[in-house]
Trainee: 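Here it is: the structure, laid out below.
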Amino acid sequence: MKSLSPYESAKRELVMTILYMVVITFQAVYVAPKSLSAAIVIFIIFQSIGVLMLRHYVKKVRELKEDQST
């Protein structure tokens, strides 16, 4: 298996985080008709985790992009 550069790896992790957030949103929408309170809890907890991951990977991609350009 080909080894990815740190920049490419960080970009892949960023995309996977966005996909994670999309999946959690669809799961919350699917659960909402059955239990609105459970859907709200799922959405808030998992999306807040997703936002933290997203911030981390965006910062990581920016740093690696700057290092790569110099």
Side-chain angles (χ1 to χ4, degrees):
M1 187 167 136
K2 186 175 116 175
S3 178
L4 294 174
S5 70
Y7 177 69
E8 292 296 322
S9 178
K11 281 187 1 182
R12 179 178 284 180
E13 291 166 350
L14 181 63
V15 170
M16 293 304 289
T17 302
I18 292 169
L19 288 174
Y20 162 81
M21 293 175 76
V22 168
V23 167
I24 293 301
T25 301
F26 283 125
Q27 286 180 343
V29 169
Y30 178 75
V31 171
K34 297 173 182 74
S35 172
L36 185 59
S37 60
I40 291 170
V41 169
I42 289 170
F43 187 78
I44 290 172
I45 291 173
F46 288 101
Q47 290 295 41
S48 60
I49 292 169
V51 168
L52 292 174
M53 290 169 44
L54 196 61
R55 289 179 57 199
H56 169 75
Y57 289 127
V58 166
K59 190 162 90 171
K60 188 174 178 181
V61 166
R62 283 185 186 153
E63 290 172 358
L64 290 170
K65 188 174 183 179
E66 289 173 4
D67 288 345
Q68 196 176 38
S69 65
T70 57

Trainee: What's the shortest heavy-atom distance between Ala38 and Val31, and which atoms?
Mentor: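 The answer is CB-CG1, 4.2 Å.
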Trainee: Starting at CE of Met16, measure out to CE of Met21 and round the result to the nearest 0.5 Å.
Mentor: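 The distance works out to 14.0 Å.
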Trainee: Kindly work out whether a path of hydrophobic side-chain contacts (I/L/V/M/F/W/Y, heavy atoms less than 4.5 Å apart) joins Tyr20 to Ile45.
Mentor: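 Per the 4.5 Å side-chain linkage, Tyr20 and Ile45 are co-clustered.
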Trainee: Let me check something: do Val41 and Val51 share a hydrophobic cluster, defined by ILVMFWY side-chain heavy atoms less than 4.5 Å apart, either directly or through other members?
Mentor: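 Yes, it is one cluster - the side chains of Val41 and Val51 are joined through contacts under 4.5 Å.
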Trainee: Going only through I, L, V, M, F, W and Y residues with side-chain contacts under 4.5 Å, is there a path from Met53 to Phe43?
Mentor: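 Shared cluster, no.
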Trainee: With the 4.5 Å side-chain cut-off for hydrophobic clustering, are Ile49 and Val58 part of the same group?
Mentor: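 Yes: a chain of side-chain contacts under 4.5 Å links Ile49 to Val58.
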Trainee: Is there a continuous path of hydrophobic side-chain contacts, each under 4.5 Å between heavy atoms, that joins Ile18 to Tyr7?
Mentor: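 Yes, Ile18 and Tyr7 fall within the same hydrophobic cluster.
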Trainee: Looking at side-chain heavy atoms only, is the closest gap between Thr25 and Phe46 below 4.5 Å?
Mentor: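 A side-chain contact is absent here, since even the closest heavy-atom pair is not under 4.5 Å.
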Trainee: List, by chain and then residue number, the residues other than Leu36 in its hydrophobic cluster (Ile/Leu/Val/Met/Phe/Trp/Tyr, side-chain heavy atoms under 4.5 Å); write none if there are no others.
Mentor: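 For the cluster that includes Leu36, the remaining residues are Ile40, Ile44.
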Trainee: Quick one: which residue pairs count as a salt bridge (Lys or Arg N to Asp or Glu O under 4.0 Å) with a foot in residues 43-63, not counting sequence neighbours?
Mentor: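 Sorted result for residues 43-63: Glu13-Lys60.
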Trainee: Given Pro6, which partner from the list Val61, Leu64, Asp67 fulfils the side chain to side chain contact (heavy atoms under 4.5 Å, CB included) test?
Mentor: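 So, applying the side chain to side chain contact (heavy atoms under 4.5 Å, CB included) to Pro6 and each of Val61, Leu64, Asp67, only Leu64 qualifies.
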Trainee: If I take atom CD from residue Gln47 and atom CG from residue Leu52, how far apart are they, to the nearest 0.5 angstrom?
Mentor: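 The CG atom of Leu52 is 11.5 Å from CD of Gln47, to the nearest 0.5 Å.
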Trainee: Ala28 and Ile42: which non-hydrogen atoms are nearest, and at how many Å?
Mentor: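 So the minimum-distance heavy-atom pair works out to CB-CG2, 4.5 Å.
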